[in-house]
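See below for the structure under consideration.
Atoms considered below: every heavy atom in the structure, side chains included; atoms not considered: hydrogens, waters and symmetry mates. Counting convention: from 1, in listed order, for ligands and their atoms alike. Remember, predicted model here, so these are calculated numbers, not experimental data.
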Amino acid sequence: MLKLKNYINGELVEPIARQYISNYRPAVGVVYSLLPDSDEQDVELAVQAASNAFPAWAAMPAQKRGQLLLRLADLIDQHLDYLAEAEAIDTGKPLVLAKTMDIPRASSNMRFFGTAIQHFASEAHVTEGSAINYTVRHPHGVAGCISPWNLPLYLFTWKIAPALAAGNCVVAKPSEVTPMTAYLLSELCQEAGLPPGVLNIVHGYGHKVGAAIVTHPKIPVLSFTGGTTTGRTIAATAAPMFKKLSLELGGKNPNIVFADCDFDEAVATSVRAAFANQGQICLCGSRIFVERPLYQQFKAAFVEKVNAMVVGDPLKESTNQGAIVSEQHLQKVLSYIELAKTEGGTILTGGQQVQVPGRCAGGWFIAPTVIEGLSYNSRTNTEEIFGPVVTLTPFDTEEEVIGYANCTDYGLSATIWTQQLARAHRVAHQVHAGIVWVNTWLLRDLRTPFGGMKNSGIGREGGFEALRFFTEPQNVCVKL
Ligand code: NAD
C-alpha cells in the first residue's frame with residue numbers, strides 16, 4: 001500500500017515515530033494509502049529547515065522566486081489529469097469538478113502570486129518639507145499554513161503561494177482526511193527545483209501536527225482555513241503569543257431570490273451553489289430565501305433539477321454528486337437531516353443515504369436534500385451542515401429577508417438574485433458577509449479580498465491583501 005511521506009528540507013521522509021494513519025477512498029469506503037502520523041519532532045525538523053532556508057529565499061529577487069512558482073504552476077498544468085484523478089479518488093468529488101475547478105485553480109494560485117509579487121509596491125509618505133517616510137515590507141520568516149479537506153490542493157496552494165512569493169519559508173499541514181495531492185505537489189516541488197527547506201509539508205492530525213505548528217515559537221504568522229471551532233482553539237492559543245493570524249472559517253450562506261430575478265439563471269445557479277462538491281464548499285448557498293410570489297414556481301423548478309442529479313461513482317463523467325468525504329462526516333450530515341425533521345421540516349427530495357451499485361457499494365453517498373417548512377432561526381437554518389442539504393424559505397419584504405440572512409453567527413458569503421440595480425446594492429451593503437455575489441455564485445477574481453465576518457473568520461486573503469498579510473510593514477522616516 002502506498003505510504004505518503006513528509007516533505008522536509010527538500011526530501012521525502014518518513015515520520016520520525018514511523019507511525020501512520022489510514023487514508024480512505026470515500027467512494028469505495030476502503031483504506032487505499034497511509035499517511036504519516038507526524039508529531040512535534042517532525043514539525044521541529046521542518047521549522048529548522050525553513051529557518052535555514054529563509055535568509056537565502058528572502059534575499060532572492062522577487063522575480064526569481066516568482067519564476068519558481070510559475071514553474072510549479074506549469075508542472076501542475078502538465079499533470080492535470082493525474083492530479084485531478086488523485087483528488088477525485090482522495091475526496092470523493094466528481095473527477096470533472098477536480099479537472100475543471102480544483103486543479104486548474106491550484107496552478108492559477110501559483111501563477112497569480114508568482115506574478116503579483118512583482119507588482120507589489122511599497123508606500124511612501126512625504127511629510128511637508130521635513131521628512132520622507134517609506135514602508136518596507138519584510139517577510140516574517142517561517143509561515144505556518146493549515147488547510148482543510150474540502151478543496152485540498154486548491155486551498156493548500158491559496159496559502160503557500162502568497163507566503164512563498166512574499167519571501168517566507170513555509171511549514172504547511174494539509175488535512176489528514178485528504179492528504180494525497182499535497183504529497184504529489186511535494187514531488188513536483190522537487191522537479192521544479194524549489195530550494196530545500198523553502199516549503200515543508202508535514203502530514204498528520206490537527207491536534208498533533210497542527211497544534212505543534214500553532215504553538216511553535218519560531219512561527220510568527222499563521223494562515224488557517226477550516227472549521228470555526230478549530231479556529232477558536234487556534235486563536236486562543238496564538239493570541240497570547242502575539243502571532244499574526246488569518247482565519248478563514250465556516251459559513252452558512254444565504255441565497256436571496258427576489259421575484260424579479262432571471263428565473264432560469266437563478267434556479268440553475270442556486271442548484272450549483274447548493275450542491276457543488278456535495279455541498280462541501282464553505283461558500284455554498286445552503287439557505288435559499290425566495291420572495292413569496294415566486295416561491296412555488298421556484299420550488300418546483302429547483303426540486304426538478306435536483307431530482308435529475310446523478311449520485312454515483314466520482315470517476316464517471318455522468319456523475320454530478322460524488323461521495324461524502326468520510327463516514328464520520330456522512331453521519332454528521334445525516335444527523336442534521338434527522339434534526340430538520342424534528343424541527344418540523346418537510347423533506348422535498350433526498351433525505352437519505354444512497355447505495356451506489358457495483359464498485360462503489362461501500363462508499364459514503366447522500367442524496368441531494370431539499371427541506372422546507374423550517375423557521376429561519378432553527379438550528380438547521382443557523383448551524384453549518386457542510387453537506388448536500390439546503391432549505392427553502394419564503395419571504396415577503398426586503399427588510400425581513402435581510403434579518404433572515406443576518407441571523408446566524410456566520411458571515412462568509414451571500415448571493416442576491418434581482419434585476420433591480422438599486423436593490424442589489426442596497427441589500428448587498430446590509431448583508432453581513434465578506435463576499436457578496438449578485439446574480440452569480442463563486443465567480444472569483446483572485447485580486448479581490450476573500451474572507452468572512454463574525455464567526456466566519458478574521459482577516460482577508462487574496463490579491464495584495466495576502467501579500468500584506470505575509471509581510472511585516474516597517475516605516476523608515478528620513479529627515480530632510
Ligand atoms: P477542521 O477545522 O477540522 O480542520 C482544518 C485543518 O485544521 C486540518 O488540517 C486539521 O487537521 C487542522 N486542525 C484540526 N485541529 C487543529 C488544532 N487544534 N490545531 C491546529 N490545526 C488543527 O476543518 P475541516 O473539517 O477540515 O474543514 C471543513 C471546515 O472548513 C468547514 O467549517 C468549512 O466551512 C471550512 N472552510 C472554510 C473556508 C473559508 O475559506 N472560509 C474554505 C474551506 C473550508
Need the ligand 1 atom indices (1-based, order shown) with element for anything under 4.0 Å from a heavy-atom of [X].
X      : answer
Trp149 : 24 (P), 25 (O), 26 (O), 27 (O)
Phe450 : 40 (O)
Leu155 : 42 (C), 43 (C)
Thr230 : 1 (P), 2 (O), 3 (O), 13 (N), 14 (C), 15 (N), 16 (C), 17 (C), 22 (C)
Ser147 : 6 (C), 8 (C), 9 (O)
Cys282 : 34 (O), 36 (N), 37 (C), 38 (C), 39 (C), 40 (O), 41 (N), 42 (C), 43 (C), 44 (C)
Ser175 : 9 (O)

For atom 4 (O) of ligand 1, state whether the nearest protein heavy atom is under 4.0 Å away.
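It does not; no protein heavy atom is within 4.0 Å.
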Quick one: look up the protein heavy atom nearest [atom] and list residue, atom name and how far away it is.
atom                    : value
atom 21 (N) of ligand 1 : Gly210 CA, 3.5 Å
atom 17 (C) of ligand 1 : Gly206 O, 3.5 Å
atom 35 (C) of ligand 1 : Gly226 O, 3.2 Å

For ligand 1, which part of [X] has a heavy atom less than 4.0 Å away: the side chain, the backbone, both, or neither?
X      : answer
Ile146 : side chain
Val209 : neither
Asn150 : side chain
Leu412 : side chain

Exactly one of Asp102, Thr181, Asn109 should register a side-chain hydrogen bond (donor to acceptor under 3.5 Å, both in side chains) with Thr157. Which one does?
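Only match with Thr157 under side-chain hydrogen bond (donor to acceptor under 3.5 Å, both in side chains): Asn109.
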Quick one: sort the Phe386 and His329 rings into parallel, tilted or perpendicular, breaks at 30° and 60°.
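Phe386 and His329: perpendicular rings.
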Over 60° means perpendicular and under 30° means parallel, so tell me whether Phe275 and Phe302 are parallel, tilted or perpendicular.
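Tilted, since the angle between the ring planes falls between 30° and 60°.
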Salt-bridged, Glu11 to Lys5, with N to O below 4.0 Å?
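Looking at Lys5 together with Glu11, the answer is no, because their closest N to O distance does not fall below 4.0 Å.
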Salt bridge or not between Asp37 and Arg18? Use side-chain N to carboxylate O under 4.0 Å.
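No.
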Less than 3.5 Å apart, any donor N or O on the side chain of Thr228 or Glu384 sitting next to an acceptor on the other?
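There is no such pair between these side chains.
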For [X] and ligand 1, does the shortest N/O to N/O distance drop below 3.5 Å?
X      : result
Leu249 : yes
Glu176 : yes
Glu384 : yes
Lys173 : yes
Phe224 : no

Take Arg232 and Ile234 through the test side-chain contact (heavy atoms from CB on, under 4.5 Å) and record every step on the way to the result.
CA-CA 5 Å; Arg232 190 172 283 123; Ile234 291 176; over 6 Å; no
Between Thr408 and Lys252, does a side-chain hydrogen bond (donor to acceptor under 3.5 Å, both in side chains) hold up when you go through it step by step?
CA-CA 7 Å; Thr408 75; Lys252 185 75 178 179; over 6 Å; no
Can you measure from CZ (Phe112) to CD1 (Ile117) and round to the nearest 0.5 angstrom?
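Between atom CZ of Phe112 and atom CD1 of Ile117 there are 11.0 Å.
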Looking at Tyr20, is Lys3 sitting on its ring face, NZ or CZ under 6.0 Å from the six-membered ring centre and within 45 degrees of the normal?
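Judged by the rule (NZ or CZ under 6.0 Å from the ring centre, within 45° of its axis), Lys3 counts as positioned above Tyr20.
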So is Arg105 actually on top of Trp158's ring, under 6.0 Å and inside 45° of the axis?
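Positive - Arg105 is close enough to the ring of Trp158 and near enough to its axis.
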Taking only non-hydrogen atoms of Gly452, do any sit less than 4.0 angstrom from ligand 1?
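In this structure, Gly452 fails to qualify as a contact of ligand 1 - no heavy atom is under 4.0 Å.
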